[in-house]
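Since the structure comes first, as C-alpha coordinates, the remarks are kept for the end.
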Amino acid sequence: MSTNDDQPQVLDGEPTQTGTYLRDTATSVIQNFDPINKIHQHLCAFHFYSHDMTRQVEAHHYCAHKNEEMRQCLIYDSPEKKARLIGLEYIISENLYLTLPDEEKPLWHSHLYEVKSGLLFMPKVPALIQRRDMETVCKTYGKVFHFWQVDKGHSLPFGIPQLMMAFTRDGQIYDHLVKSCAERMGIDYDEERKGREYMTGPEHGIHPLANGGGKGLETRLREVDLNADSTPPSVTRVSVV
(Lines give C-alpha, C1' and ligand atoms only; values in the text may rest on other atoms or scores of the structure.)
Protein backbone atom coordinates (compact mmCIF):
# COMPACT_ATOMS: atom_id res chain seq x y z
CA MET A 1 0.00 0.00 0.00
CA SER A 2 1.34 3.39 -0.98
CA THR A 3 1.01 6.57 1.05
CA ASN A 4 1.48 10.25 0.39
CA ASP A 5 5.04 10.05 1.70
CA ASP A 6 6.06 7.38 -0.80
CA GLN A 7 5.16 9.41 -3.86
CA PRO A 8 7.40 11.97 -5.59
CA GLN A 9 5.90 15.46 -5.75
CA VAL A 10 6.11 15.64 -9.56
CA LEU A 11 3.48 17.45 -11.63
CA ASP A 12 2.94 17.49 -15.37
CA GLY A 13 3.50 20.86 -17.03
CA GLU A 14 6.16 23.55 -17.32
CA PRO A 15 7.65 25.21 -14.21
CA THR A 16 6.00 28.47 -13.17
CA GLN A 17 7.49 31.39 -15.05
CA THR A 18 8.67 34.69 -13.52
CA GLY A 19 5.96 36.56 -15.41
CA THR A 20 3.30 34.40 -13.78
CA TYR A 21 4.72 35.13 -10.32
CA LEU A 22 4.64 38.87 -11.03
CA ARG A 23 1.08 38.71 -12.34
CA ASP A 24 -0.04 36.70 -9.31
CA THR A 25 1.57 39.23 -7.00
CA ALA A 26 -0.28 42.07 -8.70
CA THR A 27 -3.67 40.36 -8.62
CA SER A 28 -3.22 39.39 -4.96
CA VAL A 29 -3.02 43.08 -4.08
CA ILE A 30 -6.02 44.08 -6.19
CA GLN A 31 -8.52 41.24 -5.75
CA ASN A 32 -10.72 40.12 -2.87
CA PHE A 33 -10.02 36.76 -1.20
CA ASP A 34 -12.63 36.88 1.57
CA PRO A 35 -13.80 33.23 1.18
CA ILE A 36 -10.23 31.95 1.55
CA ASN A 37 -9.39 34.41 4.32
CA LYS A 38 -12.19 32.95 6.44
CA ILE A 39 -10.17 29.76 6.90
CA HIS A 40 -9.36 29.69 10.59
CA GLN A 41 -7.98 26.27 11.45
CA HIS A 42 -5.82 23.40 10.25
CA LEU A 43 -6.98 19.88 11.06
CA CYS A 44 -4.90 16.81 10.29
CA ALA A 45 -6.64 13.45 9.87
CA PHE A 46 -6.74 10.34 7.68
CA HIS A 47 -9.22 9.14 5.07
CA PHE A 48 -9.74 5.90 3.19
CA TYR A 49 -11.53 5.32 -0.10
CA SER A 50 -15.08 4.33 0.78
CA HIS A 51 -14.92 1.25 -1.45
CA ASP A 52 -11.39 0.17 -0.47
CA MET A 53 -10.08 0.52 3.09
CA THR A 54 -6.59 -0.57 2.00
CA ARG A 55 -6.19 2.81 0.30
CA GLN A 56 -5.48 5.23 3.13
CA VAL A 57 -4.21 8.80 2.88
CA GLU A 58 -3.18 11.63 5.17
CA ALA A 59 -5.47 14.63 4.80
CA HIS A 60 -4.79 18.22 5.89
CA HIS A 61 -8.00 20.21 6.29
CA TYR A 62 -8.08 24.00 6.14
CA CYS A 63 -11.49 24.94 7.50
CA ALA A 64 -13.86 27.88 7.84
CA HIS A 65 -17.08 28.08 9.82
CA LYS A 66 -20.22 28.82 7.83
CA ASN A 67 -22.03 29.03 11.15
CA GLU A 68 -22.05 27.20 14.50
CA GLU A 69 -23.34 24.02 12.88
CA MET A 70 -21.36 23.82 9.63
CA ARG A 71 -17.75 24.08 8.47
CA GLN A 72 -16.30 23.71 5.00
CA CYS A 73 -12.73 22.55 4.47
CA LEU A 74 -10.21 22.48 1.65
CA ILE A 75 -8.09 19.32 1.81
CA TYR A 76 -4.42 19.15 0.86
CA ASP A 77 -2.04 16.19 0.89
CA SER A 78 0.42 17.99 3.17
CA PRO A 79 0.85 21.26 5.09
CA GLU A 80 3.74 22.30 2.87
CA LYS A 81 3.81 25.27 0.48
CA LYS A 82 3.70 23.02 -2.60
CA ALA A 83 0.88 20.82 -1.28
CA ARG A 84 -1.69 19.51 -3.74
CA LEU A 85 -5.37 20.38 -3.32
CA ILE A 86 -6.90 16.89 -3.29
CA GLY A 87 -10.46 17.29 -2.00
CA LEU A 88 -12.96 18.95 0.27
CA GLU A 89 -15.03 18.14 3.33
CA TYR A 90 -18.25 19.51 4.78
CA ILE A 91 -18.72 19.12 8.53
CA ILE A 92 -22.18 19.44 10.07
CA SER A 93 -23.77 19.10 13.50
CA GLU A 94 -25.86 16.13 14.59
CA ASN A 95 -28.97 18.34 14.35
CA LEU A 96 -28.31 19.08 10.66
CA TYR A 97 -27.36 15.47 9.93
CA LEU A 98 -30.70 14.25 11.25
CA THR A 99 -32.50 16.50 8.76
CA LEU A 100 -30.85 14.76 5.79
CA PRO A 101 -32.93 12.33 3.71
CA ASP A 102 -32.08 8.68 4.38
CA GLU A 103 -30.54 8.19 0.94
CA GLU A 104 -28.07 10.98 1.75
CA LYS A 105 -27.05 9.86 5.24
CA PRO A 106 -24.70 6.98 4.18
CA LEU A 107 -22.44 9.47 2.38
CA TRP A 108 -21.48 11.05 5.72
CA HIS A 109 -19.09 9.67 8.34
CA SER A 110 -18.95 10.14 12.09
CA HIS A 111 -16.02 11.84 13.84
CA LEU A 112 -16.29 10.29 17.31
CA TYR A 113 -13.56 7.68 16.90
CA GLU A 114 -11.29 10.02 14.97
CA VAL A 115 -11.40 12.55 17.79
CA LYS A 116 -11.21 10.22 20.79
CA SER A 117 -8.35 8.21 19.27
CA GLY A 118 -6.35 11.37 18.62
CA LEU A 119 -6.21 10.66 14.87
CA LEU A 120 -7.88 14.02 14.20
CA PHE A 121 -5.88 16.88 15.67
CA MET A 122 -4.89 20.52 15.22
CA PRO A 123 -1.13 20.74 14.51
CA LYS A 124 0.88 23.00 16.84
CA VAL A 125 -2.17 23.99 18.89
CA PRO A 126 -1.77 23.33 22.66
CA ALA A 127 -3.79 20.32 23.79
CA LEU A 128 -5.96 22.22 26.25
CA ILE A 129 -7.02 24.67 23.55
CA GLN A 130 -7.71 22.19 20.77
CA ARG A 131 -9.64 19.84 23.06
CA ARG A 132 -12.26 22.55 23.53
CA ASP A 133 -12.95 22.39 19.80
CA MET A 134 -12.64 18.60 19.63
CA GLU A 135 -15.48 18.36 22.19
CA THR A 136 -17.70 19.80 19.45
CA VAL A 137 -16.16 17.98 16.48
CA CYS A 138 -16.64 14.53 18.04
CA LYS A 139 -20.40 15.05 17.82
CA THR A 140 -20.37 16.00 14.12
CA TYR A 141 -20.57 14.24 10.76
CA GLY A 142 -18.45 14.86 7.65
CA LYS A 143 -18.85 14.34 3.92
CA VAL A 144 -15.62 14.05 1.92
CA PHE A 145 -14.74 13.75 -1.74
CA HIS A 146 -11.18 13.46 -3.02
CA PHE A 147 -10.46 14.59 -6.57
CA TRP A 148 -6.78 13.65 -6.75
CA GLN A 149 -5.76 10.04 -6.11
CA VAL A 150 -2.33 10.85 -4.76
CA ASP A 151 -1.89 7.37 -3.30
CA LYS A 152 -1.61 6.11 -6.88
CA GLY A 153 1.16 8.56 -7.67
CA HIS A 154 -0.90 10.46 -10.24
CA SER A 155 0.74 13.64 -11.48
CA LEU A 156 -2.68 15.13 -12.29
CA PRO A 157 -6.16 14.65 -10.75
CA PHE A 158 -7.29 11.73 -12.95
CA GLY A 159 -10.74 10.17 -12.80
CA ILE A 160 -13.91 11.27 -11.07
CA PRO A 161 -14.29 12.45 -7.45
CA GLN A 162 -14.23 9.58 -4.97
CA LEU A 163 -16.22 9.36 -1.75
CA MET A 164 -13.98 8.97 1.28
CA MET A 165 -14.63 7.72 4.80
CA ALA A 166 -12.99 8.03 8.22
CA PHE A 167 -11.88 5.31 10.62
CA THR A 168 -14.33 4.13 13.26
CA ARG A 169 -12.38 1.66 15.42
CA ASP A 170 -8.93 0.43 16.38
CA GLY A 171 -7.05 -1.82 13.98
CA GLN A 172 -8.28 -0.20 10.77
CA ILE A 173 -5.51 2.30 10.04
CA TYR A 174 -1.99 1.23 9.05
CA ASP A 175 0.56 1.68 11.85
CA HIS A 176 3.26 3.05 9.55
CA LEU A 177 0.91 5.78 8.31
CA VAL A 178 0.25 6.90 11.88
CA LYS A 179 3.91 6.75 12.90
CA SER A 180 5.04 8.73 9.87
CA CYS A 181 2.55 11.51 10.61
CA ALA A 182 3.43 11.53 14.31
CA GLU A 183 7.12 12.01 13.56
CA ARG A 184 6.56 14.82 11.08
CA MET A 185 3.78 16.65 12.94
CA GLY A 186 5.09 16.15 16.48
CA ILE A 187 1.91 14.54 17.82
CA ASP A 188 1.65 11.95 20.59
CA TYR A 189 -1.49 9.97 19.74
CA ASP A 190 -1.45 7.98 22.98
CA GLU A 191 -1.32 11.15 25.05
CA GLU A 192 -4.14 12.71 23.06
CA ARG A 193 -6.25 9.56 23.41
CA LYS A 194 -5.90 9.68 27.20
CA GLY A 195 -6.68 13.38 27.31
CA ARG A 196 -9.90 12.90 25.31
CA GLU A 197 -11.39 9.94 27.17
CA TYR A 198 -14.09 12.15 28.71
CA MET A 199 -15.49 13.30 25.36
CA THR A 200 -18.84 12.05 24.11
CA GLY A 201 -20.34 11.60 20.66
CA PRO A 202 -23.69 12.52 19.12
CA GLU A 203 -26.52 12.82 21.64
CA HIS A 204 -28.53 10.12 19.85
CA GLY A 205 -25.53 7.90 19.18
CA ILE A 206 -23.89 7.38 15.82
CA HIS A 207 -26.65 7.03 13.27
CA PRO A 208 -26.86 3.49 11.76
CA LEU A 209 -26.93 4.91 8.22
CA ALA A 210 -23.71 6.91 8.71
CA ASN A 211 -20.30 5.60 7.61
CA GLY A 212 -21.76 4.07 4.48
CA GLY A 213 -24.34 2.24 6.55
CA GLY A 214 -21.53 -0.23 7.28
CA LYS A 215 -20.98 -0.95 3.58
CA GLY A 216 -18.48 0.21 0.96
CA LEU A 217 -19.69 2.87 -1.46
CA GLU A 218 -17.95 3.52 -4.77
CA THR A 219 -18.38 6.61 -6.92
CA ARG A 220 -18.97 5.65 -10.56
CA LEU A 221 -19.68 7.53 -13.78
CA ARG A 222 -22.41 6.38 -16.13
CA GLU A 223 -23.64 7.54 -19.49
CA VAL A 224 -27.20 8.86 -19.90
CA ASP A 225 -29.18 10.10 -22.88
CA LEU A 226 -28.75 13.83 -23.35
CA ASN A 227 -31.34 15.77 -25.30
CA ALA A 228 -29.08 18.57 -26.44
CA ASP A 229 -31.54 19.91 -29.03
CA SER A 230 -34.33 21.02 -26.71
CA THR A 231 -34.15 24.35 -24.90
CA PRO A 232 -35.34 24.55 -21.26
CA PRO A 233 -38.73 26.35 -21.07
CA SER A 234 -37.29 29.20 -19.02
CA VAL A 235 -34.53 29.99 -21.52
CA THR A 236 -35.01 32.55 -24.29
CA ARG A 237 -33.27 31.76 -27.55
CA VAL A 238 -30.78 34.43 -28.66
CA SER A 239 -29.40 34.63 -32.17
CA VAL A 240 -25.80 35.77 -32.55
CA VAL A 241 -24.83 37.20 -35.94
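In this structure, a donor-acceptor pair under 3.5 Å is present between the side chains of Lys139 and Thr200.
Under a 3.5 Å cut-off, the side chain of Tyr97 and the backbone N or O of Trp108 do not form any donor-acceptor pair. Under the 3.5 Å distance criterion, the side-chain polar atoms of Glu94 are matched with a main-chain donor or acceptor of Glu203. The backbone N or O of Met165 sits nowhere less than 3.5 Å from a side-chain atom of Ser50 that would complete a donor-acceptor pair. Formation of a donor-acceptor pair under 3.5 Å by the Asn67 side chain with backbone atoms of Met70 is found in this model. Using a distance-only test at 3.5 Å, with no hydrogens or angles considered, no donor-acceptor pair links the side chain of His51 to the main chain of Gly216. A donor-acceptor pair under 3.5 Å links the side-chain atoms of Gln56 to the main chain of Gln172, judged by distance alone. Side chain of Asp151 to main chain of Val57: no donor-acceptor pair is present (N/O by atom type, distance under 3.5 Å, no hydrogens or angles). With hydrogens and angles disregarded, a donor-acceptor distance shorter than 3.5 Å links the side chain of Gln130 to the backbone of Met122. At least one donor-acceptor pair under 3.5 Å links the side chain of Ser78 to the backbone N or O of Glu80.
Annotation: side chain to side chain donor-acceptor pair (under 3.5 Å) contacts of Glu197 (sequence neighbours excluded): none. Legend: residues meeting side chain to side chain donor-acceptor pair (under 3.5 Å) with Asp102, ordered by chain and number and at least two apart, are Lys105. Take Arg132 and apply the side chain to side chain donor-acceptor pair (under 3.5 Å) test, not counting sequence neighbours, and it matches no residue. For Thr99, the side chain to side chain donor-acceptor pair (under 3.5 Å) criterion is met by no residue, not counting sequence neighbours. Partners of His42 by ring-ring contact (aromatic ring centres under 6.0 Å, His included), not counting sequence neighbours, listed by chain and number: His60, Tyr62.
For the atom pair Glu58 CD and Ile86 CD1, the distance stands at 9.5 Å (nearest 0.5 Å). The CG atom of Leu119 lies 5.0 Å from the CD1 atom of Ile173; values are rounded to the nearest 0.5 Å. Distance check: Phe145 CZ to Tyr90 OH gives 9.5 Å after rounding to the nearest 0.5 Å. The structure places CG of Asn211 at 10.0 Å from CG of Leu217, a figure rounded to the nearest 0.5 Å. Note that the NZ atom of Lys66 and the NZ atom of Lys38 stand 7.0 Å from one another [nearest 0.5 Å]. Put simply, CZ on Arg55 and NE2 on His146 are 11.0 Å apart, with the number rounded to the nearest 0.5 Å.
By the 30° and 60° cut-offs, the orientation of the rings of Phe158 relative to His154 is tilted. Taking the six-membered ring where the residue is Trp, His61 and His47 present perpendicular rings, their angle passing 60° and hence far from 30°.
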Thr54/Tyr174 under side chain to side chain contact (heavy atoms under 4.5 Å, CB included): CA gap, chis, key distance, verdict:
CA-CA 9 Å; Thr54 67; Tyr174 290 114; 3.5 Å; yes
Arg84 and Tyr76: CA distance, side-chain angles, deciding distance, side chain to side chain contact (heavy atoms under 4.5 Å, CB included) verdict
CA-CA 5 Å; Arg84 294 169 287 188; Tyr76 292 81; 5.9 Å; no
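Crowding of Glu218 atom CD: a count of heavy atoms from other residues, nucleotides or ligands under 6.0 Å exceeding 12. The 12-atom threshold is exceeded at CD1 of Ile160, counting heavy atoms of other residues, nucleotides or ligands nearer than 6.0 Å. For Asp225, the CG atom is loosely surrounded, since the number of other residues' heavy atoms within 6.0 Å does not exceed 12.
Ala166 approaches Phe48 most closely through the heavy-atom pair O-CE2, 3.4 Å.
Legend: disulfide bond (SG atoms under 2.5 Å apart) pairs involving residues 110-161, not counting sequence neighbours: none detected.
Between Phe167 and Tyr113, the ring centre distance reaches or exceeds 6.0 Å.
Cluster membership for Leu107 and Leu96, using ILVMFWY side-chain heavy atoms within less than 4.5 angstrom, is shared. There is no path of hydrophobic side-chain contacts, each under 4.5 Å, that joins Val125 to Met185. The cluster map of Ile, Leu, Val, Met, Phe, Trp and Tyr, joined by side-chain heavy atoms under 4.5 Å apart, puts Val137 and Ile129 in the same cluster. Residues Ile91 and Leu88 do not share a hydrophobic cluster, clusters being chains of Ile/Leu/Val/Met/Phe/Trp/Tyr side chains in contact below 4.5 Å. Met199 and Leu43 fall within a single hydrophobic cluster, where Ile, Leu, Val, Met, Phe, Trp and Tyr are joined by side-chain heavy atoms under 4.5 Å apart, directly or via other members.
Cysteines Cys63 and Cys73: SG-SG separation is under 2.5 Å.
The only option from Glu69, His111, Arg71 that meets the side chain to side chain donor-acceptor pair (under 3.5 Å) definition with Thr140 turns out to be His111.
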